[in-house]
Amino acid sequence: MTTVSVRRPRLESVDLVRGIIMIVMALDHTRDFFGMPGDNPTDLSRASVALFFTRWITNICAPVFFLLTGTGSYLSLRRKSKSELSRFLFMRGLWLIFLETVVLRCLVMQFNFDYHVTMLVVVWALGWAMIVLSLLVRLPTSVVAAFGLILIAFHNLFDVVQAASFGAFAQLWNILHAPGFIISNPQHQVFVAYPLIPWIGVTAAGYALGQVYSWPPEQRRRFLFCFGLGTSIAFIILRAINIYGDPVPWTTQKSTVFTLLSFLNTNKYPPSLLFLLMTLGPALLMLWAFDKNVPRIMRPALVFGKVPLFFYIVHFTLIHMLAVGVCFARHGQVHWMFESNDLGQYPVTPPPGWGFSLPVNYLIWIGVVVSLYPLCAWFARLKDRRSDAWLSYL
């Protein structure tokens with residue numbers, strides 16, 4: 001490997017939106033470790049309005065990860081040939097799958113190596129999306145766009161198909177479309193939470209979106225605004241019709257507020273068409289809003305947007321370590337923080353009396369984000385001034 005001084009041009013609007021999403025994401029992950037056990041934000045019979053919106057606002061995170069993964073891949077064609085990009089995406093996809101199933105699973109999320117419970121979540125799905133995109137990049141961009149939009153728009157047609165109908169290949173359907181166990185025995189459980197088909201579609205659509213950044217600025221902004229607004233309006237219309245686009249229709253609830261919550265309570269696992277319209281529309285509007293310039297007050301978020309995978313790893317590690325420290329302070333022992341006995345006790349087993357109120361979770365979240373800013377700023381500067389090959393994998 002050679003080390004040279006190089007400054008890579010970056011699109012600040014893309015980095016800013018990604019950075020905002022990373023910050024919001026940390027709130028949901030704080031709740032994973034410090035929230036009240038058994039609280040289900042999407043169970044409208046029990047959830048409070050505050051808990052619902054705390055979860056709902058973080059729904060935008062995963063779709064933006066996949067969308068901007070595709071967009072960033074297209075933008076890298078400024079310095080890579082399609083063959084070079086294809087090889088890079090394939091290798092980085094394999095790396096992300098390894099990262100999820102070994103590094104994140106054992107050293108970050110669960111702090112154990114027993115593999116009794118393993119969840120295949122966002123980084124695993126990102127890895128496979130990159131591998132598929134490594135094949136798609138060799139096709140015309142219009143074909144990639146059509147492929148992505150078709151997967152997004154029509155994958156809900158298969159909601160009625162059950163994995164069991166595939167017999168010996170049931171686990172393959174769990175991987176592709178229907179969340180479920182691909183291994184389930186007394187020793188080991190492996191659960192697919194992020195089926196691949198819709199996420200591959202979002203990544204492909206994001207790749208096609210990248211071409212708008214070669215357009216004249218006014219044309220690009222007009223497209224981002226109109227497409228973002230149109231996507232949001234499409235969500236409202238299709239959700240109001242209540243026929244297609246989500247496996248769970250909205251219903252009239254005990255009050256107008258909770259009826260609105262039911263309207264917004266779309267399916268994430270797997271992400272329905274309406275879930276993606278609801279989240280990607282605002283994401284496109286954010287890209288439009290920040291395309292001309294980045295407000296000074298929001299510039300710190302750029303740092304997290306420049307180092308998303310690095311932040312993802314270190315923020316999860318810090319939250320888990322904080323949970324270990326709090327557990328020891330309260331109970332004098334920490335074995336719960338290294339145990340995951342089933343999916344209901346993931347990523348850790350809640351100790352007796354565990355769980356903190358939403359305000360406390362918000363305070364922990366703010367503390368985590370602020371404390372990681374200097375480390376992420378250092379790593380962003382390192383990436384700016386060096387071109388070591390290993391940095392491209394973080």
Side-chain angles (χ1 to χ4, degrees), residues 11 14 17-18 21 59-78 80-97 120-158 172 175-177 192 194-215 220 223-224 227-228 230-231 234-235 245 268-284 286-287 308-309:
L11 288 169
V14 173
V17 171
R18 188 188 290 118
I21 295 309
N59 281 336
I60 195 174
C61 299
V64 173
F65 292 159
F66 286 86
L67 183 77
L68 295 186
T69 292
T71 302
S73 299
Y74 185 92
L75 294 175
S76 68
L77 289 173
R78 296 173 174 179
K80 289 184 175 77
S81 68
K82 285 196 172 183
S83 294
E84 291 171 334
L85 175 59
S86 179
R87 287 193 298 271
F88 172 76
L89 288 172
F90 183 82
M91 294 304 299
R92 194 164 194 236
L94 291 178
W95 161 242
L96 290 181
I97 293 169
L120 301 178
V121 285
V122 62
V123 175
W124 175 84
L126 271 172
W128 281 110
M130 282 188 166
I131 289 173
V132 174
L133 189 60
S134 73
L135 304 175
L136 295 177
V137 296
R138 299 180 181 274
L139 301 174
T141 304
S142 59
V143 175
V144 179
F147 175 80
L149 293 176
I150 288 171
L151 291 187
I152 292 171
F154 297 112
H155 78 90
N156 281 116
L157 292 173
F158 299 98
L172 178 60
I175 291 172
L176 293 176
H177 191 267
V192 178
Y194 275 66
L196 300 180
I197 287 177
W199 296 119
I200 289 172
V202 175
T203 307
Y207 177 83
L209 179 67
Q211 66 185 326
V212 308
Y213 288 95
S214 61
W215 296 357
R220 176 175 66 248
F223 173 85
L224 290 172
F227 197 42
T231 301
F235 160 71
K268 182 181 179 181
Y269 304 105
S272 67
L273 167 62
L274 292 177
F275 177 90
L276 293 174
L277 292 176
M278 179 182 71
T279 52
L280 292 177
L284 292 168
M286 290 170 66
L287 289 170
L309 182 57

Enquirer: Under the 3.5 angstrom rule, does the side chain of Thr71 hit a backbone N or O of Gly206 as a donor-acceptor pair?
Expert: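 Yes: the side chain of Thr71 pairs with the backbone of Gly206.
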
Enquirer: Does Leu287 reach the side chain of Leu209, with side-chain heavy atoms less than 4.5 Å apart?
Expert: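 Leu287 reaches Leu209 side chain to side chain.
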
Enquirer: For the residue pair Thr279 and Pro63, what are the closest heavy atoms and their distance?
Expert: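 For Thr279 versus Pro63, the nearest heavy atoms are OG1-CG, 3.3 Å.
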
Enquirer: Arg138 versus Ser83: any side-chain heavy-atom pair under 4.5 Å?
Expert: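 Arg138 reaches Ser83 side chain to side chain.
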
Enquirer: Is any side-chain heavy atom of Val144 closer than 4.5 Å to a side-chain heavy atom of Tyr74?
Expert: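 Side chain of Val144 against side chain of Tyr74, heavy atoms only: no contact under 4.5 Å found.
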
Enquirer: Mark yes or no for whether Ser134, through its side chain, and Ile131, through its backbone, hold a donor-acceptor pair below 3.5 Å.
Expert: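 Yes: the side chain of Ser134 pairs with the backbone of Ile131.
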
Enquirer: Looking at Thr69 and Phe65, would you say the former's side chain and the latter's main chain have a donor-acceptor pair under 3.5 Å?
Expert: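 Looks like yes, one N/O pair under 3.5 Å.
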
Enquirer: Where is the tightest heavy-atom contact between Leu139 and Lys82, given as atom of each residue plus distance?
Expert: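 Where Leu139 meets Lys82 most closely, the heavy atoms are O-NZ, 3.6 Å.
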
Enquirer: If you compare all heavy atoms of Ala283 against all heavy atoms of Ile60, which two are closest, and at what distance to 0.1 Å?
Expert: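 Closest pair (atom of Ala283, atom of Ile60, distance): N-CD1, 4.2 Å.
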
Enquirer: Closest heavy-atom contact between Leu274 and Phe235?
Expert: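 In terms of heavy atoms, the two residues are closest at O-CD1, 3.4 Å.
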
Enquirer: First locate atom SG of Cys61, then atom NZ of Lys268, and finally report the distance between them rounded to the nearest 0.5 Å.
Expert: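 Atom-to-atom, Cys61:SG and Lys268:NZ are 7.0 Å apart.
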
Enquirer: Shortest non-hydrogen contact from Ser73 to Leu85?
Expert: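 What the structure gives for the nearest pair is O-CD2, 3.4 Å.
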
Enquirer: Can you give the donor-acceptor pairs under 3.5 Å from side chains of residues 87-97 to other protein atoms, not counting sequence neighbours?
Expert:
| residue | atom | partner | partner atom | Å |
| --- | --- | --- | --- | --- |
| Arg92 | NE | Ser392 | O | 3.2 |
| Trp95 | NE1 | Tyr393 | O | 3.0 |

Enquirer: Enumerate, atom names and distances included, each donor-acceptor pair closer than 3.5 Å involving a side-chain atom of residues 147-158, sequence neighbours excluded.
Expert:
| residue | atom | partner | partner atom | Å |
| --- | --- | --- | --- | --- |
| His155 | ND1 | His177 | NE2 | 3.2 |
| His155 | NE2 | Pro271 | O | 2.9 |
| Asn156 | OD1 | Leu273 | N | 2.7 |
| Asn156 | ND2 | Asp159 | OD1 | 3.4 |
| Asn156 | ND2 | Asp159 | OD2 | 2.7 |

Enquirer: Report the relative orientation of the aromatic rings in Phe275 and Trp199; use parallel for angles under 30°, tilted for 30 to 60°, perpendicular for over 60°.
Expert: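 Plane angle over 60°, so perpendicular.
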
Enquirer: With rounding to the nearest 0.5 angstrom, report the CD1 to CH2 distance, Ile197 to Trp128.
Expert: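 Answer rounded to 0.5 Å: 13.5 Å.
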
Enquirer: Roughly how far, to the nearest 0.5 Å, is the CD atom of Gln211 from the CG atom of Leu77?
Expert: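 With rounding to 0.5 Å, CG (Leu77) is 11.0 Å from CD (Gln211).
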
Enquirer: How far does OH of Tyr207 sit from CG of Leu75, to the nearest 0.5 angstrom?
Expert: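 It comes to 10.0 Å.
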
Enquirer: Has Phe227 got more than 12 heavy atoms of other residues, nucleotides or ligands less than 6.0 Å from its CZ?
Expert: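 For Phe227, atom CZ is not crowded (no more than 12 foreign heavy atoms under 6.0 Å).
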
Enquirer: Determine the minimum heavy-atom distance between Tyr194 and Trp124, stating which atoms define it.
Expert: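 It is O-CZ3, 3.3 Å.
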
